[in-house]
Structure formats: C-alpha cells, structure tokens
Q: 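Encoded as structure tokens, here's the structure I'll be asking about.
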Amino acid sequence: MTACSAPRPGRLRDILRWLRAYPSSLAGRLTLILVIGMPASTLFALHVSQTWKDNAFVQRQHESGMASAVDIARRYELAPERTDKWLDSHFILGAHKADATMAASGWDPALSRSLSDRLGYPAKVRKLQRPECFSTFVRYPPAAGMNTDPLPDCWLVRYVNAQGVERRFVVDLLPNPDRGQPPVGPPYLELIVIAGALLGLLTARIATAPLRRMERAARQFSLAGDLEPIPVKGPSEVRAALETFNLAQERVREGLRERTQILASVTHDLQTPLTRLRLRLEQVDDEALRERLVADLAATQQMVRDGLDLARSNEVREPWAVIDVNSVLSALAEDYAEVGREVTFVEQTRVEAWVKPNALGRALANLVDNALKYGGSAQLCCMIERGNLVIQVADRGPGLPDEEIENAFQPFRRLSTSTGTGTGIGLTIAQAQVATFGGVVTLRNAKDGGLVAEIRVPMRRLR
C-alpha cells in the first residue's frame, strides 16, 4: 500500500516568496515611499532649517561686530590712551589690539561701507579666521582636555578719524555653537529611518486593510460562491468599491442560480422523452441490438444527471458545521470495508474542521471511488502541513503522466488510464464540492508509485 506522504518543508520558501512579492504590492509600495520619503523629507527640512539658522546667525554676528567696532571707536574718541592700554592688556572682552603681522589688504567692501556710514568717516573691515584672531592660543598645542573649536572669527578694523589719526584693532565675533556640527547625526538619523519604516508598515497595513478584505472575499467567492456581502465601511473610495463588489457578487450568484434552474428544467424535461425511448427500445426484437441501445441510452441519462450534478455542485446551500476529521475518515473506511472494498484509514491527527460535511463527504467518496477504480484499493490519512489540514487519498494504480495531471479536473475529460464506463467529471465535482468551504483538491504522483489526491483545508477553518 502506498504510504501517506510526510509534510513537505516549505515555510522558508513561503517567506522568501512573500519577500519577493511584497515590493510589487500596494502595501509594499506605500511602505517603500514612506520609508524613503519620510527620512528624505525630514533631512531636507533639517537642512533648510539649518541653512536659515546659519544665515540668521551670520546676520546677528555682523550686527554684533558692527556694534563692537562702533563702541571701540567711541572709546577711542573719549579716552584714547586708556582704550589703547585696555586693548593691549586684553581688558575689554571681545576686542584687542591688532597684530602688526595682520595683512592690511583684502578688505570687505560691504562691511567697510557699512561701518563707514555708522562712524561718519572712512573705515575698512577685513574678515579674519580664528587662527589669525587668536594666534597666541593656536601657536602652541592646547591642553589635552581643551581645543580651539569654540574660538570665534574676528574682524580687523582700520579707520582714520577726523583729526587724521589711524586706529587699528580687532573685534571678536559671536562664536557659533553649531560650528562643524551636522544638522542631524547618530543616533537620530537611524531613529528617523526606523520610525519611517515602522510608520510606513503601519500606514500601509491600515490603508490596504479594506483592499485585503475585498481580496479575501473575492478569492473565497471564486471558490465557494455563497459568501455574505462584505461590510461596507472605510473611506469613501473604499466604500464605493465594496458596494460595487457586493453588487457584482450578487449578480454572479443570481446568474449561477438561473443557470442551475435552467439545467434542472432541461434535465427534468428530458426525462420524459428518454423514458419513452427506453420503453420503445424494449420492443426491439434483436436482443443484442436492444442491449446496446439500452446501454447507450443509460449512458446518455447518466451524462445528463452528471451534468446537472456538476452545475449544482457550485450551488451548495448546505450549512456549515464543525466535524471531527478522524471520525469522518474512519467511518468512510468502515463503510467501504463493509461492502468488501479495500479502504483503510492509516494516519490521523487531532483536529476539528469548520466545513460543509455533505460536500466534504461527497468529495471524499468521489476520490475514493477513483482510487478503487484505477488502483484497486485506497488509503486514507490526514495531517497538518504548514498550519493547513491535508487529507490524502492514495492508491496503488499506475498514476498519471505529469502533463495530464493539470487537465485531470476538466469536466468530461477521460484520462489515458481510464477503463470502463464513466463521464469523467468525478474529479471536477470533487473539486467543486471542496471549493464550497474554501478548500482545494490537488493530484500528484507518489514516489513509490500510485496517485495521491489531496484535499487541503485552510487553517482558518480549523480548530
């Protein structure tokens, strides 16, 4: 007997497949936009803010430098000797005597013009960097715990007063506390990126929740066809889409009902002429001919009934119920064993499923009948694979060529291994019955020979 296959590892493959598919989804694109856009916009805003702050500080620095230069000039007018002495002794904070080594060139025209206007006589201003401003401090290495970064830049001021006396001095500018500091750095940059990623994931999840709900409903409707309308809630665009989907779902459901009613009426109307034809065939004198004609008529009647069953298989209005899977499979095996068929239940798992019991029972019966027809015996087992319930029906038959497995569920298609009579819709009906509670049916060849039919029930139907 063909052994039931063990669960096949695939969780890592599913995760990798999800990671590859996520960037192409709407949620993935929203996440990517927010993850990149939020840090980029934050950094841009910080850069703009820092630029504005630097410009404002430079303006303030110029104003304070002008005020210091005017103040020293006024002190020279009132007490030139004392001012000279104080500047030479560094008694005035923010101003000191100019070094003789300071070049008297490279004057700034705009600053010079501004200071001349304030003093009332010609003045020149030259910008100096801190190594020139504080040559005493930068000439020798500072102590290990100190550096020259806080030292400010300065201006060299030169003017000639009304009496023709030239004055030269240096005014220190306000130090910039942000000198050499980036607008944002570790760990704030990393926090911005992480916050953007988390917010992107959260926003994408919230924004796409109604779409995911509609996607699940559409997938389940394509399988079962008897779902309740989706609750209409969310933003206006989403509500409009849900209302349209519910309307389309109802119209499709109504179309299926009308199709089933039409087929039922046609089948019912065909019964009378087929019955009369059967009675007339019984009057044929040639016994061999009569038997062939009656057999053909019986096959025709069976095809009509099977066609109606196939149409009705998607219109199952059976209520849902919780079943014990072990009990259903063991009872099915016992029923077949009582009539002398070799059907065994060999492996079980403790699980209850929320399904349509009659639909599951009919699908299992069709699969077992196929296994008995082509393999002479059937083996039932069930297991949990990646959270889903898998029910397997295995046989010892010749199996199927790989190219025919994909076409095995097409209605009225006889396979190359088929023998005897049959309409070729047993697998199609089984697939349709399982689909009414959201499951799927698949076929595969067993490694040691035979065919394995699997009914896979999603984890949301289990408990």
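Computed from a predicted structure; not experimentally measured.
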Q: Please work out whether the ring planes of F437 and W320 are parallel, tilted or perpendicular, with thresholds of 30° and 60°.
A: perpendicular
Q: Test your reading of the model: is there a side-chain donor-acceptor pair from D71 to the backbone of A67, 3.5 Å cut-off?
A: no
Q: Considering all heavy atoms of both residues, which atom of V346 and which atom of C381 are nearest to each other, and what is their separation?
A: CG2-CB, 4.1 Å
Q: Heavy-atom distance under 4.5 Å between the side chains of L427 and L367, does that happen here?
A: yes
Q: Is the closest side-chain heavy-atom distance between K127 and D153 below 4.5 Å?
A: no
Q: Donor-acceptor pair, D108 side chain versus V125 backbone, under 3.5 Å?
A: no
Q: Could you measure the distance from the NZ atom of K124 to the CG atom of L115? Nearest 0.5 Å is fine.
A: 12.5 Å
Q: Drop me the distance from F57's CZ to S64's OG, to the nearest 0.5 angstrom.
A: 7.5 Å
Q: CG of L364 to CD1 of I455: how many Å apart, nearest 0.5 Å?
A: 4.0 Å
Q: Can you see whether Q50 engages D54 through a side-chain donor-acceptor pair at a distance of less than 3.5 angstrom?
A: yes
Q: V171 and G65: which non-hydrogen atoms are nearest, and at how many Å?
A: CG2-O, 4.1 Å
Q: Can you check whether E454 reaches V452 side chain to side chain, under 4.5 Å on heavy atoms?
A: yes
Q: Atom CG of L46 and atom NZ of K53: how far apart are they, to the nearest 0.5 Å?
A: 11.0 Å
Q: For the pair S114 (side chain) and A110 (backbone), establish whether a donor and an acceptor sit closer than 3.5 Å, ignoring hydrogens and angles.
A: no
Q: Ignoring hydrogens and angles, tell me if any N or O in the side chain of S49 forms a donor-acceptor pair with the backbone of A45 under 3.5 Å.
A: no
Q: Do you know which two heavy atoms are closest between M459 and R386, and how far apart they sit?
A: CE-O, 3.9 Å
Q: For M66 and H62, what are the C-alpha separation, side-chain angles and deciding distance, and is it a side-chain contact (heavy atoms from CB on, under 4.5 Å)?
A: CA-CA 6 Å; M66 288 292 172; H62 285 184; 5.5 Å; no
Q: Over all heavy atoms of both residues, which pair between D172 and H96 is shortest? Give the atoms and the distance, please.
A: OD1-NE2, 3.5 Å
Q: Is a side-chain N or O of D395 found less than 3.5 angstrom from the main chain of G376, in a donor-acceptor match?
A: no
Q: Within a strict 4.5 Å, meaning less than it, do heavy atoms of the V434 and V440 side chains meet?
A: no
Q: Show, in sequence, the C-alpha distance, side-chain angles and deciding distance for L360 and Q433, and conclude whether the side-chain contact (heavy atoms from CB on, under 4.5 Å) test is met.
A: CA-CA 7 Å; L360 176 61; Q433 293 288 327; over 6 Å; no
Q: Please name the pair of heavy atoms, one in L156 and one in W107, separated by the smallest distance, quoted to 0.1 Å.
A: O-CZ3, 3.6 Å
Q: Nearest 0.5 Å, please: how far is CZ in R396 from CD in E342?
A: 5.0 Å
Q: So which heavy atom on Q61 is nearest to which on L174, and how close?
A: NE2-O, 2.6 Å
Q: Kindly indicate, with the supporting measurements, whether the criterion side-chain contact (heavy atoms from CB on, under 4.5 Å) is fulfilled by V328 and F345.
A: CA-CA 10 Å; V328 171; F345 180 35; over 6 Å; no
Q: Evaluate the side-chain proximity of Y336 to V368: yes if any heavy-atom separation is below 4.5 Å, no if none is.
A: yes
Q: About how many Å separate CG of N358 and NZ of K356, when rounded to the nearest 0.5 Å?
A: 10.5 Å
Q: Counting only heavy atoms from other residues, nucleotides and ligands, does the tally under 6.0 Å from CZ of R118 exceed 12?
A: yes
Q: So do the side chains of V325 and L389 get within less than 4.5 Å of each other, counting heavy atoms only?
A: yes
Q: Apply side-chain contact (heavy atoms from CB on, under 4.5 Å) to the pair L380 and V343, showing each step before the final yes or no.
A: CA-CA 7 Å; L380 304 178; V343 178; 4.2 Å; yes
Q: Return yes if some donor-acceptor pair links the side-chain N/O of T344 with the main-chain N/O of Q379 below 3.5 Å, else return no.
A: no
